[in-house]
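Down below is the structure, laid out as C-alpha cells.
Treat the numbers as computed from the prediction; the structure is a model and nothing was measured. Any value given below was found using the heavy atoms of this structure, including those in side chains, with hydrogens, waters and symmetry copies removed.
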Protein chains: 2
Amino acid sequence: MTSSSAENDTTAWSRAAVPGRPPADVPRQAWRAYFEATALLQDRLERTLRSGAELHLADYNLLLLLTEAPGGHLRMGELASLMVFSPSRVTYQVKTLEKRGLVERRACPEDGRGQEAVITDAGRRLFRRASALHARQVQELFLDRVDEAEAETLLRVFSRLGCALEDDEQPPAG
Amino acid sequence: MTSSSAENDTTAWSRAAVPGRPPADVPRQAWRAYFEATALLQDRLERTLRSGAELHLADYNLLLLLTEAPGGHLRMGELASLMVFSPSRVTYQVKTLEKRGLVERRACPEDGRGQEAVITDAGRRLFRRASALHARQVQELFLDRVDEAEAETLLRVFSRLGCALEDDEQPPAG
DNA sequence: TACAGTTGATTCAAATTTCAACAACACACC
DNA sequence: GGTGTGTTGTTGAAATTTGAATCAACTGTA
C-alpha cells in the first residue's frame, strides 16, 4: 500500500500475515491483528448506523441494552458500567436520545438519587429498524467470515478476557 | 455486581457464558463477547497510558507508527488510513503532539500538498517509556490469558477480517 | 501556458467526551 | 433526630471529534 520495500514486514500495523519469515511471536501478532481489525470494524459499523439510522454505535448499544432489560429500563449507573462509559457521558447520551423521543427518564422508585432510562415505543421501532441493518452487517463483516470452530475459540477467549477484566476491576471484594 | 436477581441472564451484555439456557448461537455469542471484552480492554489501556505517560491510546499508536516507519516519518494521509482516523482528526492530533515537542511537521519533499509528521528524540524517549508500560499491560491483560493455539486462531481470524475490511473498502479498483 | 478535475490537508462550527466539582440522597451510627 | 460518610447523577468548562467547506498544489489535456 504505502511503500514497496520488503523490510516493511516489521511494520506492525500491516494487516497481512507475514509470509516468508520465522513464525515470530504469534501471540503478539495476534494482538496486533485483533487491534487493527477491530478499529476497521467499528469504523464500518459506526458509519453504517449513522447513515442508515441516524444512530451512533453507542446509541445503538444503549437502545439494545434497554430493549433487553426487563421492563425496558435501566439505571444510569448500570448503563454506564455495561457500556463502559463515564457517568457524565451516559447522562449526555441519554439526554440526546430523550430529545429525539427514543428514551424517557424518570426517577428511580427505590432510590431517590437514582434515575432510570426507559425506552419508548418510538425507540423500540427505531431500534428494530436499526437492528436489521446492523445485524446484517455484523453477519457480512464478521459472522460470515468465521467458521464454527473459530467462533467457539473466540467465544471462549473473549468470555475469559471479559470476565477477567471485570473481576480484577474490583479485586478487594472481601 | 449491580443487581442480584436471577432473571438478569437475559441482559445481553452480561459477560458470562449463559449457564442454564439453550446453547444459543455460538457465533453470535462470540461476537458479543468479543465486542464487550474489547470495550473493557480498550478502556483499561487508555486509562493506564493516560495516567502513566500522559498519552491517549491514539497518541501512543501514532508514535508507534512513526517509530516503526522508516525514517520516523509518515504523511498525514498515511497516518489517517493506518489509524482509521478522519483527516481532520489526524491534523488535530499531530498538532497536540507537536505542541509537546514529541513530533515535528514538515512539508513533504515529493508533493507540495503533503505534510509529514516526524517523531522527535523526545518523542522516541517518551514512546520508549510508554511502550514498556503498555507492553506489560497487554501482556497481563491479553497475552497471558491466551494460549498458543488460541493465539493462532486469533491471528488467522483477525488477519482475515482485517484484509477483507481493507479490500471491500476499495472494490472499484479496476 | 491555461483550464478543469483531483487530491492532500487544514479550518471552522457544531457535536461529543472528559474531568473535576457539586448537589441530593442513602446508610450507619450515635 | 442529627451527623458523618459513601453513592448516584448532574453540571460546566475544557479538550477532543466530526463533517462540511475551503485552500493549495498536483494531474491531465488542449
> Would you call the rings of Y34(A) and Y34(B) parallel, tilted or perpendicular if under 30° counts as parallel and over 60° as perpendicular?
Replying inline: perpendicular

> Hey, can you pull the residues of residues 108-116 of chain A with a non-hydrogen atom under 4.0 angstrom from DNA chain C?
Replying inline: D111(A), G112(A), R113(A)

>> Can a donor-acceptor pair be found, under 3.5 Å and without considering hydrogens, that links the side chain of E78(B) to the backbone of R75(B)?
In response: yes

Calculate the interatomic distance between [X] atom [atom1] and [N] atom [atom2]; express it in whole Å.
| X | N | atom1 | atom2 | answer |
| --- | --- | --- | --- | --- |
| M83(A) | dT18(C) | CE | P | 11 Å |
| M76(B) | dT7(C) | CE | C1' | 15 Å |
| E54(A) | dT18(D) | CD | C1' | 14 Å |
| D59(B) | dT16(D) | CG | C1' | 11 Å |
| E46(B) | dT17(C) | CD | C1' | 11 Å |
| H56(B) | dA15(D) | NE2 | P | 11 Å |
| L57(B) | dT18(C) | CG | C1' | 16 Å |

>> Within the supplied structure, the quantity of interest is the number of heavy atoms (other residues, nucleotides, ligands) at a distance under 6.0 Å from E98(B) CD; does it exceed 12?
In response: yes

> Of all heavy-atom pairs between A117(B) and L66(B), which one has the smallest distance, and what is that distance?
Replying inline: O-CD2, 3.5 Å

Is any NZ, NE, NH1 or NH2 atom of the basic residue among [X] and [Y] found under 4.0 Å from an Asp or Glu carboxylate oxygen of the other?
| X | Y | result |
| --- | --- | --- |
| E46(A) | R50(A) | yes |
| R47(B) | D43(B) | yes |
| E150(B) | R160(A) | yes |

> When you measure from every atom of DNA chain D, which of residues 85-107 of chain A have a heavy atom less than 4.0 Å away?
Replying inline: P87(A), S88(A), T91(A), K95(A), R105(A)

> Are R124(B) and F127(B) in a cation-pi setup, meaning NZ or CZ lies under 6.0 angstrom from the ring centre and within 45 degrees of the ring axis?
Replying inline: no

> Can you find a side chain N or O atom of R75(A) that sits less than 4.0 Å from OP1 or OP2 on dG9(D)?
Replying inline: yes

>> Just to verify, what does H134(B) make a ring-ring contact (aromatic ring centres under 6.0 Å, His included) with, not counting sequence neighbours?
In response: Y60(B)

